[in-house]
Asker: 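Below is the structure I would like to discuss, written out as structure tokens.
Sequence lines set the chain letters: A, B, ... in the order given, protein chains first and strands last, and positions in each chain run from 1.
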Amino acid sequence: MDTFPKAQEREALESVVIRFAGDSGDGMQLTGSQFTNTTALMGNDLATFPDFPAEIRAPAGTTYGVSGFQIHFAAHDIMTPGDEPDVLVAMNPAALKTNIGDLKERGLLIVNSGAFIKGNLKKAGYAENPLEDEAFLSQYRVIKLDIQAMTLAAVAEFELGTKNALRSKNMWTLGLVLWLFGRETKHTVAWLEQKFAKKPDIAKANVAALKAGHAYGETAELPSGIGAYEVPKAKLPAGTYRNITGNDALAWGLTAASKLSGLKLVLGSYPITPASSVLHALAKLKHFGVTTFQAEDEIAAVCAAVGASWGGALGITTTSGPGVALKGEAIGLAIMLELPLIVCDIQRGGPSTGMPTKTEQSDLLQAVYGRNGDAPMPVLAACTPGDCFFMAIEAARISVKYMTPVMLLTDGYLANGAEPWKIPAMADLEPFPVSFPTERPEGFHPYLRDPETLARPWAIPGTPGLEHRIGGLEKDFDSGNISYDPDNHHKMTKTRAAKVAGIAKDIPAAAPEVGETSGDLLVIGWGSTYGAITQAVRRARAAGKKVSQVHLRYINPLPPGLGELIAGFDKVIVPEMNNGMLSKILRSEFLVDAVGINKISGQPFKVSEIQKAIEENLA
Amino acid sequence: MDTFPKAQEREALESVVIRFAGDSGDGMQLTGSQFTNTTALMGNDLATFPDFPAEIRAPAGTTYGVSGFQIHFAAHDIMTPGDEPDVLVAMNPAALKTNIGDLKERGLLIVNSGAFIKGNLKKAGYAENPLEDEAFLSQYRVIKLDIQAMTLAAVAEFELGTKNALRSKNMWTLGLVLWLFGRETKHTVAWLEQKFAKKPDIAKANVAALKAGHAYGETAELPSGIGAYEVPKAKLPAGTYRNITGNDALAWGLTAASKLSGLKLVLGSYPITPASSVLHALAKLKHFGVTTFQAEDEIAAVCAAVGASWGGALGITTTSGPGVALKGEAIGLAIMLELPLIVCDIQRGGPSTGMPTKTEQSDLLQAVYGRNGDAPMPVLAACTPGDCFFMAIEAARISVKYMTPVMLLTDGYLANGAEPWKIPAMADLEPFPVSFPTERPEGFHPYLRDPETLARPWAIPGTPGLEHRIGGLEKDFDSGNISYDPDNHHKMTKTRAAKVAGIAKDIPAAAPEVGETSGDLLVIGWGSTYGAITQAVRRARAAGKKVSQVHLRYINPLPPGLGELIAGFDKVIVPEMNNGMLSKILRSEFLVDAVGINKISGQPFKVSEIQKAIEENLA
Amino acid sequence: MSPSDPPKKLTRKDFASDQDVRWCPGCGDYAILATIQRTLPTVNADPAKTVFLSGIGCSSRFPYYMNTYGFHSIHGRAPAFATGLKLTNPELDIWIITGDGDGLSIGGNHLMHVLRRNVDVQLMLFNNRIYGLTKGQYSPTSLVGLRSPSTPKGSIDMPVVPALIALGAGARFVARSVDTLAKHLGPTLVAAREHRGASFIEILQNCPVFNDDTWAHVKSKEAGADAVLLLEHGKPMIFGKEKSKGLRLKPNSLELEVVTIGEDGITEADILVHDETNRPMAFLLAGMEPPTFPMALGVLLRDPAPAYDAAVLAQVADAQAAGEGDIDQLLNSGHTWTIE
Amino acid sequence: MSPSDPPKKLTRKDFASDQDVRWCPGCGDYAILATIQRTLPTVNADPAKTVFLSGIGCSSRFPYYMNTYGFHSIHGRAPAFATGLKLTNPELDIWIITGDGDGLSIGGNHLMHVLRRNVDVQLMLFNNRIYGLTKGQYSPTSLVGLRSPSTPKGSIDMPVVPALIALGAGARFVARSVDTLAKHLGPTLVAAREHRGASFIEILQNCPVFNDDTWAHVKSKEAGADAVLLLEHGKPMIFGKEKSKGLRLKPNSLELEVVTIGEDGITEADILVHDETNRPMAFLLAGMEPPTFPMALGVLLRDPAPAYDAAVLAQVADAQAAGEGDIDQLLNSGHTWTIE
Ligand SMILES: Cc1ncc(C[n+]2csc(CCOP(=O)(O)OP(=O)(O)O)c2C)c(N)n1
Ligand SMILES: Cc1ncc(C[n+]2csc(CCOP(=O)(O)OP(=O)(O)O)c2C)c(N)n1
Ligand code: SF4
Ligand code: SF4
Ligand SMILES: [Mg+2]
Ligand SMILES: [Mg+2]
């Protein structure tokens with residue numbers, strides 16, 4: 001049984017940010033996610049941010065091989081993984097080097113001194129061992145431990161050999177950190193036992209290391225100024241929660257959409273960071289009738305999805321920016337065919353190959369405009385990992401109701417970041433069953449439109465009597481046959497545009513996320529900046545500023561009432577992780593002098609950065 | 001020798017619009033271009049508009065197989081092929097059916113009655129023979145002739161067989177029309193003799209038909225109200241002229257750019273309407289050191305061009321909208337590599353396959369935004385066929401000076417339309433010689449920038465000492481090595497943007513094409529709408545309206561001073577052959593309530609349509 | 001039609017759509033269209049379950065003329081659309097129509113992958129050795145030296161042999177026929193349709209406008225007989241006007257040679273027997289070209305294996321048989337916690 | 001270096017760039033890199049004229065580590081960049097680096113076309129039968145049944161044989177070697193470099209992280225000898241631990257069989273002799289796979305023909321020899337008229 005200092009001996013904290021950093025091989029992602037799971041079970045609100053290198057296994061000890069995992073947990077609701085860590089765990093010199101700059105002043109530094117050997121110091125670019133530099137150390141509260149040695153000691157009895165034994169050092173570290181924050185080891189023990197069910201020795205060694213780290217906290221005398229902490233439970237809405245990453249939420253949302261619509265889900269995809277794990281997640285859901293097709297490239301992937309849609313499936317393709325750049329022609333075809341299709345773009349740092357493992361929001365204009373001809377399509381964006389679930393369903397609903405491809409934007413930060421998510425019940429989600437015409441209606445042709453939605457009928461191959469031909473050439477409005485008639489082309493172009501514009505009637509009106517409908521400053525965001533903006537706006541309002549936030553989940557068409565809302569503010573700022581894209585659209589649409597707050601570093605906004613922008617723009 | 005009514009017997013006209021229309025197999029394009037050549041030699045200003053079907057050889061007699069060629073020629077300078085024809089030549093019922101609606105009231109209709117037989121009438125959808133419908137005919141001035149029979153008679157002596165003999169009926173028709181407008185046959189005779197040098201019988205038959213048609217005009221009694229006309233010479237700037245299509249001008253301009261820069265031209269292209277003829281034209285210029293590569297697809301084509309650029313060539317790719325949609329990823333790479341590259345987009349009707357043989361301006365937003373990530377590149381647009389020559393040179397100049405891909409937009413209308421063009425002399429064009437570094441400069445790395453242009457050095461493989469590695473991953477500003485550093489990415493993104501934005505200093509400032517720098521209404525256009533807008537603005541000004549025209553040849557960056565210019569007008573309208581693209585950019589950039597005048601019919605604007613828009617927006 | 005009515009016997013007309021056919025007069029595509037429209041009723045094809053799916057090119061206009069389901073997609077990608085469609089509804093009988101440009105230039109990779117995956121579709125490649133629709137540029141099958149608008153001095157690229165590409169990719173049904181040889185083309189298409197998995201059929205097609213008579217040496221009555229080998233499984237590979245020529249394997253080598261029965265003591269027994277299941281033989285036959293060899297027509301290879309779509313759907317069905325997925329259960333799987 | 005200095009003999013180090021190599025520990029790519037860096041000096045390669053050009057993948061990071069010109073392009077397109085570069089500067093010695101995903105999945109078509117055009121480049125395909133960089137999805141060469149993140153129930157697609165794809169496309173130099181067999185790989189690369197025209201070299205490569213030991217049956221000392229046939233032109237195809245096994249053509253058929261010298265009266269004379277110029281033989285050898293057959297390593301086909309780049313540039317040179325183009329003349333050609 002775990003033993004803890006009694007609650008009153010622990011210092012209570014409102015919120016803590018911990019960053020685990022080590023070599024790619026050090027298991028930091030595991031450590032972080034185990035800490036996350038336990039923290040969630042303890043009833044804290046939390047947000048996480050994994051940040052790993054582009055290399056699969058970068059050579060040990062290098063700075064570019066450092067893998068990090070940050071968790072922010074609190075006794076109140078929080079929305080971001082935190083700006084600066086309160087606690088940094090550095091497993092080697094490279095991890096220290098690349099992360100120490102972010103640690104708060106007087107922050108807690110837990111460092112594995114055993115890794116501070118010559119070779120590692122050199123690889124990290126340290127001429128001298130920083131752990132011997134008192135001036136350096138004095139800036140922080142430091143727990144300097146030879147974690148490697150302690151781990152070896154803890155697992156000695158299992159005779160795994162040094163290399164294998166050392167693999168448990170992340171568990172030792174986790175044990176210590178769990179203790180520091182008053183968390184139990186039992187959830188991780190259970191997880192280890194399950195994970196290594198077939199290798200009981202490894203399981204035992206890891207458990208031993210974990211417990212040893214925990215016990216160390218309990219028994220060892222920590223340096224002065226370092227105590228045991230606790231972060232009381234947050235008051236969260238009642239319900240059953242889980243952690244969920246954006247990509248899992250997306251995959252599950254798409255699957256839920258398939259159930260809600262009664263359509264078979266067919267995914268055509270080609271692996272690409274950071275979208276691949278959506279393919280992986282869906283490939284595991286065959287028992288939901290999900291069919292996944294790893295195509296030969298992105299073009300084949302989207303084409304297969306369109307072929308599937310024509311056949312009556314929920315056709316989906318998942319990718320990232322470079323993949324969308326390849327899919328433009330085929331998406332244009334889907335627009336011309338007026339078939340459903342969901343294109344999920346998990347954005348990453350660009351242009352070109354760019355920074356594949358980093359996050360960015362720089363595909364927005366490509367999503368809205370990146371096709372030949374006048375080729376409008378709805379563009380939606382999820383704003384939190386859990387929101388990926390709901391927006392996937394929304395994308396599907398719009399796609400099948402309006403017979404149009406839909407682009408759904410998320411990003412690397414949402415994809416890999418996890419948040420506690422209140423699990424919805426299927427029974428609470430609105431079904432949108434699709435029925436395919438089976439009888440040949442009077443005057444049937446494939447471009448006969450529903451007068452309200454302007455959608456054409458989804459007549460699927462295999463249906464007797466509805467044989468028809470479709471294709472990428474312009475269609476006659478009245479017969480669906482090929483037409484080069486000038487007026488018809490004008491009319492069809494306008495009709496396609498009107499169909500997409502008309503979706504505005506079918507989405508929620510613009511409303512402030514935080515704040516009033518008028519004031520001094522309106523902050524308009526979209527996508528994964530949600531948490532940081534909300535937090536910053538709340539803080540500004542707490543300081544008495546007349547600031548409101550609008551967060552867009554629909555970018556094309558924009559939600560109704562947005563123009564009026566904007567008109568109620570003296571100034572508008574638009575924070576984006578790109579060089580100014582939504583701001584371009586808003587300026588053009590509403591002739592408002594929207595000011596871009598742009599961060600193009602592959603890193604999410606810090607709350608403080610947006611706070612600063614708010615202050616500057618109020619001044 | 002040709003004989004003509006004496007000048008005083010001919011009615012003098014200021015300007016005439018003739019449309020030749022017939023079956024694809026009837027040789028209307030040839031007829032039109034021969035009439036054009038002779039007209040040009042007579043000293044008229046002119047503009048032409050060929051309009052042919054998407055099918056290679058549509059079945060004879062069908063409406064979708066009709067091929068048209070319109071020429072507008074005048075005694076003053078003109079800028080468009082004319083709104084409505086004064087004269088319609090209809091070689092068969094389908095041609096009559098599809099074109100008669102455009103003929104001016106009381107216009108001259110020359111119709112080949114021999115083709116108005118049952119089968120043809122049916123294919124054209126005529127229940128009755130319209131040539132027997134007096135009510136119909138009375139709306140026009142009609143020359144109804146059995147041209148087929150007359151042609152057969154004229155060429156009987158050559159015993160070619162009916163099928164071959166009938167091939168000359170377009171020449172008979174041309175002969176008649178040449179006579180009507182006081183033109184000689186000798187230029188066409190010379191051309192026929194050269195073209196059919198190896199088939200003298202065919203040459204002779206065609207010449208005989210041509211002369212017979214001409215003689216017919218001379219000798220036959222034309223119906224009352226139809227006389228002989230003349231269109232006096234126009235006062236054009238002195239110089240040597242030729243007719244040139246946009247695609248030829250583009251090919252030749254690119255070749256001239258290769259000479260002016262001292263670079264070898266390497267074209268990577270994949271055939272696509274209406275861009276293919278640029279490839280064809282360049283393939284013929286091997287003696288200029290031009291290398292053309294017909295790649296396996298558009299992606300390979302642009303990649304080959306980028307490979308060529310890296311090697312020190314002027315790398316070029318030519319395509320149309322669907323091709324650009326495929327090239328987005330590779331163009332993004334060129335942006336990241338900061339290598340020269342010219343992407344020529346000969347726009348056509350979209351979206352998707354759309355209307356491949358029709359013109360449109362709907363790739364503008366794709367050109368400016370259609371790539372993943374923040375991927376800015378200069379976008380230029382030619383405004384007349386001859387301007388394609390100069391803009392090709394300008395695109396090359398900017399591309400090599402700033403080490404950036406450049407998009408050059410033209411369209412199907414410019415590509416195939418011809419205009420008399422005052423031939424420039426190479427000696428009058430500014431050379432822009434490129435020199436590749438040969439020595440390793442102090443601190444060399446591939447991303448070392450010229451402080452003024454921000455261009456990086458163009459170090460080409462094969463140069464000893466400059467070995468380096470480039471690629472699509474983000475680069476370190478200070479070393480050119482791969483970098484995932486957050487601040488560096490921000491800086492590099494801003495630098496790439498600044499480089500493109502900085503080109504504004506190096507292009508002509510915005511200035512009115514027609515009119516003053518302030519007034520009631522500013523008409524802003526770009527691309528092939530130039531002629532129609534200019535004409536319309538001139539007419540409005542002649543009617544005393546305070547209207548000016550600005551025509552953009554640079555869309556990214558926009559020319560300096562445009563904002564100030566716009567501010568001088570009460571209202572701005574933007575006529576475009578798309579659903580509103582430049583207007584979006586101007587609205588966003590200048591927060592001006594620019595009103596789009598949009599025509600999306602695959603047909604160029606008529607002057608009258610723009611005139612109407614001007615009037616409505618002044619009201 | 002009430003359920004008790006006898007199924008109506010369909011005719012050619014039932015497979016013709018109401019659209020005007022828009023190819024050039026004399027185009028080989030007309031003959032192919034006619035053969036398909038005549039053939040489908042003979043195998044009781046159901047128009048409602050039949051799909052023609054094409055890329056872009058003259059040939060790719062084909063679907064518009066069939067009174068079945070039709071999909072005129074984008075350049076080169078038809079195999080990918082077909083794969084998605086087949087995975088959605090495996091009951092459909094899918095015919096991919098492509099050209100030498102559409103299928104071997106821009107679409108070469110998709111063609112390769114649909115074949116190697118063995119998706120149950122028929123892929124008909126109309127090979128006129130030219131880009132028809134874009135007005136006559138050379139294609140990947142054009143002969144070296146061809147002068148075209150993009151190769152005014154003659155083309156340089158080595159042409160590909162479509163059947164070799166297919167075999168190299170691992171195709172399991174490879175056949176070749178001729179636009180105007182209706183009696184040969186019809187049965188070849190029937191065989192392709194019967195084959196489960198991907199079938200590849202190259203059709204030598206004439207483009208009278210841009211590459212007239214490119215197959216004249218194979219198609220002309222006179223030359224044809226000596227220049228064509230009509231393959232029949234299990235039959236000796238004999239050809240020629242007098243049926244006196246045959247193919248033989250050069251002794252202990254890997255090369256074919258043409259021999260004449262009755263000369264040098266050669267008898268019919270010396271002639272190699274066609275074996276549709278022999279892949280190395282298919283490689284040799286595919287590569288044969290006049291004038292040295294006859295052009296092999298018919299089924300070069302027929303070597304069935306389970307189709308991709310069937311296997312994919314079997315995995316799905318297996319998974320479902322073990323228990324249909326339940327979203328609520330999925331969402332509640334793994335670590336959860338409850339806040340009251 | 002002054003012109004009178006004797007040319008400096010380069011070493012392995014001269015071909016290594018200053019960048020840290022970022023592959024996983026134990027990755028087969030290290031061995032390939034080392035072999036190239038060692039081999040290039042032996043053939044007096046000039047770093048300034050040598051170019052490594054890749055797509056995207058672990059393997060495609062290769063150029064960064066070579067102290068030559070290097071170009072890390074986009075996924076699958078390296079052959080196209082290489083073609084443009086070679087047409088610009090035919091003096092460059094261009095090495096394309098690609099992977100089984102880069103070169104056979106997204107880039108399959110460009111690979112096919114660079115080979116059939118016969119552009120004078122070397123194309124090295126690192127075949128680890130997996131997508132390394134994207135963390136282990138199956139690739140077009142993965143074996144049926146492979147469980148990967150995208151095929152949790154095992155993959156279904158029939159794998160392609162890279163050498164067969166190359167041969168099907170008409171490649172004229174096709175070879176195969178192994179990452180860690182430096183003594184075999186080095187000379188194979190030298191042969192490829194010497195070949196004018198496109199050379200294709202498949203390199204069996206281990207990915208210890210995502211597909212460890214995929215080639216163990218070929219690479220392990222024990223199994224290896226029996227599972228590998230080292231090809232030598234003009235030599236009988238003998239292999240095995242005891243050098244007692246050989247390949248024979250089944251009498252009057254087109255199939256190979258493995259026989260044992262000394263058994264059933266088989267002597268060395270019965271064994272088929274490798275002929276690098278025999279394309280049908282290359283097809284048969286390329287398709288051989290353990291356990292039935294040994295894996296053929298070495299040069300499967302070497303059948304030179306004029307290179308594409310040379311022919312393209314010859315057309316340009318011919319045209320120029322007949323008179324350099326003059327722009328003014330061009331602009332003034334055809335119908336012109338003068339207005340005074
Ligand atoms: C993306 C794209 N690139 C190019 C084209 C232009 N294009 C249309 S058909 C075609 C080639 C057709 O050749 P082939 O497949 O042989 O068909 P054919 O016309 O000869 O039947 C080309 C290049 C296009 N429509 N789309
Ligand atoms: C357009 C595009 N699509 C997808 C990717 C993602 N991606 C990078 S490498 C790769 C596959 C690599 O496999 P392989 O070529 O076998 O190389 P390896 O890593 O195994 O050496 C993929 C799918 C990408 N970078 N760009
Ligand atoms: S161009 Fe050739 S292939 Fe195309 S329709 Fe005409 S004849 Fe047929
Ligand atoms: S993932 Fe595999 S192929 Fe890639 S570097 Fe690591 S070991 Fe090598
Ligand atoms: Mg063709
Ligand atoms: Mg691989």
Asker: Non-hydrogen atoms of chain B under 4.5 Å away: do they reach the side chain of D:Val51, the backbone, both or neither?
Answerer: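 D:Val51 touches chain B through side-chain heavy atoms alone.
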Asker: Does any backbone or side-chain atom of D:Tyr308 lie under 4.5 Å from a heavy atom of chain B? Answer side chain, backbone, both or neither.
Answerer: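 Only the side chain of D:Tyr308 comes within 4.5 Å of chain B.
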Asker: Relative to chain D, which segment of B:Val290 carries a heavy atom at a distance below 4.5 Å: side chain, backbone, both, or neither?
Answerer: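 When you check distances to chain D, only backbone atoms of B:Val290 fall under 4.5 Å.
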Asker: Heavy-atom distance under 4.5 Å to chain D: side chain of B:Asn243, backbone, both or neither?
Answerer: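 It is both, since atoms from each part get that close.
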Asker: Within a reach of under 6.0 Å around CD of D:Glu324, are more than 12 heavy atoms found that belong to other residues, nucleotides or ligands?
Answerer: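 Buried by this count: over 12 neighbours within 6.0 Å.
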Asker: Side chain, backbone, both or neither: which part of B:Leu41 has a heavy atom under 4.5 Å from chain D?
Answerer: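 For B:Leu41, heavy atoms of backbone and side chain both lie under 4.5 Å from chain D.
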Asker: What part of B:Pro237 gets within 4.5 angstrom of chain D, counting heavy atoms only: side chain, backbone, both, or neither?
Answerer: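 Contact with chain D is through the backbone of B:Pro237 alone.
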Asker: Tell me, for B:Ile460 versus chain D, whether the close heavy atoms (under 4.5 Å) come from the side chain, the backbone, both or neither.
Answerer: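 B:Ile460 touches chain D through backbone heavy atoms alone.
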Asker: Please say which of D:Phe81, D:Tyr64, D:Phe52, D:Trp95 ends up in a ring pair (Phe, Tyr, Trp, His ring centres under 6.0 Å) with D:Phe71.
Answerer: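 It is D:Phe81, the one option of D:Phe81, D:Tyr64, D:Phe52, D:Trp95 that forms the ring pair (Phe, Tyr, Trp, His ring centres under 6.0 Å) with D:Phe71.
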Asker: Could you tell me which portion of B:Asp248 (side chain, backbone, both or neither) has an atom closer than 4.5 angstrom to a non-hydrogen atom of chain D?
Answerer: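 B:Asp248 has no heavy atom closer than 4.5 Å to chain D.
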Asker: Measure distances from D:Arg22 to the heavy atoms of chain B and classify the residue's part below 4.5 Å as side chain, backbone, both or neither.
Answerer: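 Looking at D:Arg22, just its side chain touches chain B.
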Asker: Which atoms of B:Ala330 come close to chain D, meaning under 4.5 Å heavy atom to heavy atom: side chain ones, backbone ones, both, or neither?
Answerer: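 Both backbone and side chain.
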Asker: Chain B heavy atoms under 4.5 Å from D:Leu92: which part of the residue, side chain, backbone, both or neither?
Answerer: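 For D:Leu92, the contact with chain B is made by the side chain alone.
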Asker: Under a 4.5 Å heavy-atom cut-off, does chain B meet the side chain of D:Asp326, its backbone, both or neither?
Answerer: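 Backbone only.
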Asker: Could you tell me which portion of B:Leu236 (side chain, backbone, both or neither) has an atom closer than 4.5 angstrom to a non-hydrogen atom of chain D?
Answerer: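 Contact with chain D involves both backbone and side-chain atoms of B:Leu236.
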Asker: Any chance you could lay out the side chain to side chain donor-acceptor pair (under 3.5 Å) test for D:Gln37 and D:Asn67, step after step, and finish with the verdict?
Answerer: CA-CA 9 Å; D:Gln37 288 174 340; D:Asn67 191 24; over 6 Å; no
Asker: Given that the side chain runs from C-beta out, which part of D:Leu313 has a heavy atom under 4.5 Å from chain B: side chain, backbone, both or neither?
Answerer: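 The side chain, not the backbone.
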Asker: Taking side chain as C-beta onward, heavy atoms only, is D:Trp337 less than 4.5 Å from B:Pro420?
Answerer: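 Sidechains of B:Pro420 and D:Trp337: in contact.
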Asker: Tell me, side chain or backbone of D:Met66 under 4.5 Å from chain B's heavy atoms, or both, or neither?
Answerer: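 Just the backbone, heavy atoms under 4.5 Å.
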Asker: Using a 6.0 Å cut-off, check whether atom NZ of B:Lys284 has over 12 heavy atoms from anything other than its own residue.
Answerer: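 No, not enclosed.
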Asker: Quick check on D:Ser54 against chain B: is it the side chain, the backbone, both or neither that has a heavy atom closer than 4.5 Å?
Answerer: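 Neither part; nothing is under 4.5 Å.
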Asker: Should the pair D:Asp93-D:Lys49 be classified as a salt bridge under the 4.0 Å nitrogen-to-oxygen rule?
Answerer: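 Looking at D:Lys49 together with D:Asp93, the answer is no, because their closest N to O distance does not fall below 4.0 Å.
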Asker: Between B:Ala305 and chain D, which part of the residue has a heavy atom less than 4.5 Å away: side chain, backbone, both or neither?
Answerer: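 When you check distances to chain D, no heavy atom of B:Ala305 falls under 4.5 Å.
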Asker: Taking side chain as everything from C-beta outward and backbone as N, CA, C, O, which of these in D:Thr68 sits under 4.5 Å from a heavy atom of chain B? Side chain, backbone, both or neither.
Answerer: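 Only the backbone of D:Thr68 comes within 4.5 Å of chain B.
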